[in-house]
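Have a look at the structure below before the remarks.
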Amino acid sequence: MDVRRHNAAFCAPCFTRHCREQVKRAIDSYKMVAPGERVLVAVSGGKDSLALWDILLELGYHADGLYIGLGIGDYSDESASFTREFAAQRSADLIEISIPGEFGFDIPTGARAAKRAPCSACGLSKRHLFNKAALDGGYDVVATGHNLDDEAAVLFGNVLRWDLAYLGRQYPVLPGGLGFARKVKPLVRLGERETAAYCVLKGIDYIVEECPMSAGNRHLGYKEALNAIEQTSPGSKAAFYFGFLERIVPMVQPAAEEERGGLHPCPGCGSPTVSEVCAFCKLVSRAAERG
Ligand code: SF4
Ligand code: ZN
């Protein structure tokens, strides 16, 4: 397996060790998880989140999984089976929340009712439910499978719009407190080609199909643009993202802090929000009106 940005090639055992080391390095350098803390891993059944869960377990963390059923047809059914299979093989604890089962709507219907793009309705629901499950379950931290390609693409989009509040929040660790669990992204030092190879080498079955709602998602376009640059200049993606963390984040973090200052508990669910009612409660009530 060659990793051009490191100008290195690895045999199978060295490659899986390399992946574990990159995760450990990210956890240590950004102080993501302290020894003995309980981690809730947001798992989707895809390569990134299952690789993350596997690596955290191998590194000896107390890491349970959280799977959220989105009600997106066969895609959701299959991703749930891959997640359950992974948990069963490792005797790991998996918490499941079904949006259709508990809130009475699926993501495509909820998005239409709230006049939102499906990924926007899905993203806000997942953020809300991950946070709530972590606080309710007494977890110290929520870990998500965002990798270097994801983070570089999000950064690219935020820079195109010079969205300072989003840029200020785009850090691999978001602190807990004020109704939020700490959130961490331990895969930021690994690309998606690496997490896919890790799963293949470890015999981890994952859902290969993209979510059908992702068509037209602008992040896919940003990823393609960055892949074209990376092809001719290996290492550009990492330089773009890590240069941002080092040099720009300290300048833009105050914009995000300011927004955090305006938070209050949502009257519907108690979650922190800057609006009168939180976005998830709004989505639930719009979906109920329509249903
Ligand atoms: Fe949700 Fe969009 Fe991802 Fe599908 S592609 S799982 S709708 S965020
Ligand atoms: Zn609410």
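Every number for a ligand or one of its atoms is a count from 1 in the order of the listing. Because only heavy atoms are used, hydrogens play no part in the values below, and waters and symmetry mates are left out as well, while side chains stay in.
Annotation: cation-pi geometry satisfied between Arg189 and Phe242 (NZ/CZ under 6.0 angstrom from ring centroid, within 45° of ring axis). By the 6.0 Å and 45° rule, Arg127 does not stack over the aromatic ring of Phe130.
Open room surrounds CD on Glu276; 12 or fewer heavy atoms of other groups in view lie less than 6.0 Å from it.
Distances below 4.0 Å separate heavy atoms of Lys126 from the following atoms of ligand 1: 1 (Fe), 6 (S), 8 (S). Heavy-atom contacts of Cys119 reach the following atoms of ligand 1: 2 (Fe), 5 (S), 7 (S), 8 (S) (cutoff under 4.0 Å).
Applying side chain to side chain contact (heavy atoms under 4.5 Å, CB included) to Phe156 and the options Val159, Leu160, Asn158 leaves one that passes, Leu160.
In this structure, the protein non-hydrogen atom closest to atom 7 (S) of ligand 1 is Met213 CB, 3.5 Å. With hydrogens left out, the protein atom closest to atom 1 (Fe) of ligand 1 is Cys122 SG, 2.3 Å, a heavy atom.
Between Phe280 and Phe103, the ring centre distance stays below 6.0 Å.
Among the backbone and side-chain atoms of Cys211, none of the N, O or S atoms lies under 2.8 Å from atom 2 (Fe) of ligand 1.
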